[in-house]
Amino acid sequence: MTNATELVKLSAAEMAAKLKAKEVSSRELTEAHLAVIDKAEPTVDAFLKVASESALAEADAFDAKNAKGETEGLPELAGVPIAIKDMIVTKGIETTAASKILEGWIPPYDATVISKIKAAGMPILGKTNLDEFAQGSSTEHSAFKTTKNPWNAEHVPGGSGGGSASAVGAFEAPIALGTDTGGSIRQPGAFTGTVGVKPTYGGVSRFGAIAMASSLDQIGPVSRTVLDSALLHEVIGGHDKRDSTSIPREVPPVVAAAREGQKMDLTGMKIGLVKELSGDGFQADVEARFNEAVKLLEGMGAEVVEVSCPHFPAALGAYYIIMPSEVSSNLARYDGMRYGLRVMPPADVPQTAANMMAYTREAGFGDEVKRRIILGTYALSAGYYDAWYGSAQKVRTLVIEDFHNAFEKVDVLVSPTAPTTAFKFGEKTADPITMYLGDVTTIPANMGGVPAMSIPAGLGDDGMPVGFQFFAPQMQDEKMYKPAAALEAALENQWGGPIWNKLNTPWLAD
């Protein structure tokens, strides 16, 4: 049997191959990751809830089926353990969205993606930390704990999905699920050196994803390799009649595209550099790693041209009107009446429903959530709706047109995933606008509904990871998997192995 440290360092695809060959059991994989979680959590703090008992029971159930030959036809990742961002509803496991207002809530049903994961026999290791209700870019806004970056515990892991990214990065889980509203899978991917994918809007069911901004939210994979993300994308994708925004189409051939990309032949592919996503505000080392990666793409036969998307810079401002407006609407349901936290007014305050709601929301929501509710309520208020929300939606249309025009000229677009490497804790919490500006490169994909992916492109001058981002046309997610897998292979050839070889992991020491 492979020892536990060697097991957790395998890719999810390699784990799946060992399971199929019966060289390892799902229980052994699950136990190995639970052991890493036990050792790493004091440093990383990626998990809000570790579901050891249920994970082992799920692993045993898969092993029993596998022993009887009853796993034929299951997805390739069958039996491989997974972590879940605590924004996704899981039956029987506390789901909080990292908010006090949902503390203790045990859902009576599963999100569609969770049902698919369970049907594939994939043990759920637990629920990962996030910025409260996915509102933040650093995982500093969780009501319960602050997740650390496994590359350096003084630096943020990104957000809102810093928990899933850090868990995968620290080898606590081979793969994870996140949600991406304005970059919440991709930006943590860039900060932690993981692969983060936002599928086409509607390509993966959002049923059971706790709503932040419904027209922008998308569930997607977190992994350490492009192929692993493709394999997970294949498990969770597809039409769902319970989600009115779900696209009635089959999952694009993302796995085949990733495997084709590993051949490192991009002859005939045309790649567009987004002119507007560089320059002022971008760290020199981030741009240097980006330009080095572009040269590798050219070396594999791709034609690289500059493309202008003139309305992308305006997407940031429009997003920070549309998103808080939808937050204001979606979070109105947390009122203390039906489920979640309820705080009654003091005895000397009238015991009315309105006062109970006010005291509940004051106690249950954190500062960043309150800030966005106020912004959104203002933008939707009488007399301001057309000036703010209506105008922002017009900008969104222009961003969609930019993507349409660009994809008439090129197959995929590329940019740095984030303007900077991971910043230190506390650096930007006093200035929310500075924090928001970090999303300038990721937000256009959510505004346009297109798929996007971040992969590691090396390390910055501070030793922290840098991300490289691909955009593809709507419902053509496979187009970004091929060049991403090719670039990943070329970079690993250059580095002499995966970027994880450069990570110090004392929690993996025997």
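Atoms considered below: every heavy atom in the structure, side chains included; atoms not considered: hydrogens, waters and symmetry mates.
- Two rings, from His233 and Tyr481, have their centers less than 6.0 Å apart.
- Under the 3.5 Å distance criterion, the side-chain polar atoms of Glu58 are matched with a main-chain donor or acceptor of Ile124.
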### Query
So Thr245 and Arg206, side-chain hydrogen bond (donor to acceptor under 3.5 Å, both in side chains) or not? Walk me through it.
CA-CA 8 Å; Thr245 61; Arg206 294 184 303 107; 3.1 Å; yes
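- For the residue pair Ile499 and Trp151, the shortest heavy atom distance occurs at O-CH2, 3.4 Å.
- Glu292 and Arg289 are joined by a salt bridge, as a carboxylate oxygen and a charged side-chain nitrogen come within less than 4.0 angstrom of each other.
- The main-chain N or O of Gly182 is never found under 3.5 Å from a side-chain atom of Asp439 such that the two would form a donor-acceptor pair.
- A search for salt bridge (charged side-chain N to carboxylate O under 4.0 Å, His left out) contacts involving Asp131 returns nothing, not counting sequence neighbours.
- Rounding to the nearest 0.5 Å places CG of Leu491 at 6.0 Å from CD1 of Ile455.
- In this structure, Glu488 does not pair ionically with Arg224, as no charged nitrogen and carboxylate oxygen lie closer than 4.0 Å.
- Side-chain atoms of Thr225 and Ser223 include no donor-acceptor pair closer than 3.5 Å.
- Using modelled atom types and a 3.5 Å distance limit, the side chains of Thr139 and Thr147 yield no donor-acceptor pair.
- Salt bridge Lys270/Asp411: absent, no basic N to carboxylate O contact under 4.0 Å.
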### Query
Between Lys20 and Glu72, does a salt bridge (charged side-chain N to carboxylate O under 4.0 Å, His left out) hold up when you go through it step by step?
CA-CA 10 Å; Lys20 188 171 184 179; Glu72 289 299 319; 5.9 Å; no
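- Atom NZ of Lys22 sits in a crowded spot, with more than 12 heavy atoms from other residues, nucleotides or ligands closer than 6.0 Å.
- A side-chain hydrogen bond (donor to acceptor under 3.5 Å, both in side chains) with Asp180 is found for one member of Gln218, Arg186, Lys85, Lys198 and no other, namely Arg186.
- Salt-bridge formation is detected for the pair Glu23/Lys18: a Lys NZ or Arg NE/NH1/NH2 atom is positioned less than 4.0 Å from an Asp or Glu carboxylate oxygen.
- The local environment of CD in Glu306 is crowded, with over 12 non-hydrogen atoms from other residues, nucleotides or ligands closer than 6.0 Å.
- Asn66 and Thr71 share a side-chain donor-acceptor pair at under 3.5 Å.
- With rounding to the nearest 0.5 angstrom, the CG atom of Leu296 is 11.5 Å from the CG atom of Asn291.
- Using a 4.0 Å cut-off between charged nitrogen and carboxylate oxygen, Asp63 and Arg27 do not count as a salt-bridge pair.
- Partner of Trp507 under the side chain to side chain contact (heavy atoms under 4.5 Å, CB included) criterion, chosen from Thr43, Ile37, Thr5: Thr43.
- Classification of the Tyr320-Tyr436 ring pair by plane angle, with boundaries at 30° and 60°, yields parallel.
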### Query
Checking side-chain hydrogen bond (donor to acceptor under 3.5 Å, both in side chains) for the pair Ser415/Gln469: CA distance, chi angles, key distance, verdict?
CA-CA 5 Å; Ser415 77; Gln469 181 174 221; 3.0 Å; yes
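- Separation of atoms CG (Leu34) and NZ (Lys39) is listed at 13.0 Å; rounding is to 0.5 Å.
- Listed for the Ser278 side chain is a donor-acceptor partner under 3.5 Å among the backbone atoms of Lys275.
- Looking only at atom types and distance, the side chain of Ser115 has no donor-acceptor partner in the side chain of Asp110 under 3.5 Å away.
- Side-chain polar atoms of Glu276 and Ser308 form a donor-acceptor pair below 3.5 angstrom.
- Within the cation-pi definition used here (under 6.0 Å to the ring centroid, within 45° of the axis), Lys127 does not qualify as a partner of Phe47.
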### Message
With side-chain hydrogen bond (donor to acceptor under 3.5 Å, both in side chains) as the criterion, how do Asp240 and Thr112 come out once you've worked through the C-alpha distance, each side chain's angles and the decisive distance to 0.1 Å?
### Response
CA-CA 8 Å; Asp240 178 16; Thr112 295; 2.6 Å; yes
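- The distance from the OG atom of Ser229 to the CD atom of Glu234 is 12.5 Å, given to the nearest 0.5 Å.
- Ring geometry for Phe407 against Phe403 counts as parallel: the plane angle stays under 30°, on a 0 to 90° scale with 60° as the upper cut.
- Expressed to the nearest 0.5 Å, how far CD of Glu154 lies from CD of Glu427 amounts to 10.5 Å.
- Distance check: Leu177 CG to Ile84 CD1 gives 4.0 Å after rounding to the nearest 0.5 Å.
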### Task
For the pair Asp217 and Thr179, evaluate side-chain hydrogen bond (donor to acceptor under 3.5 Å, both in side chains) and give the outcome as yes or no after the intermediate values.
CA-CA 7 Å; Asp217 298 341; Thr179 62; over 6 Å; no
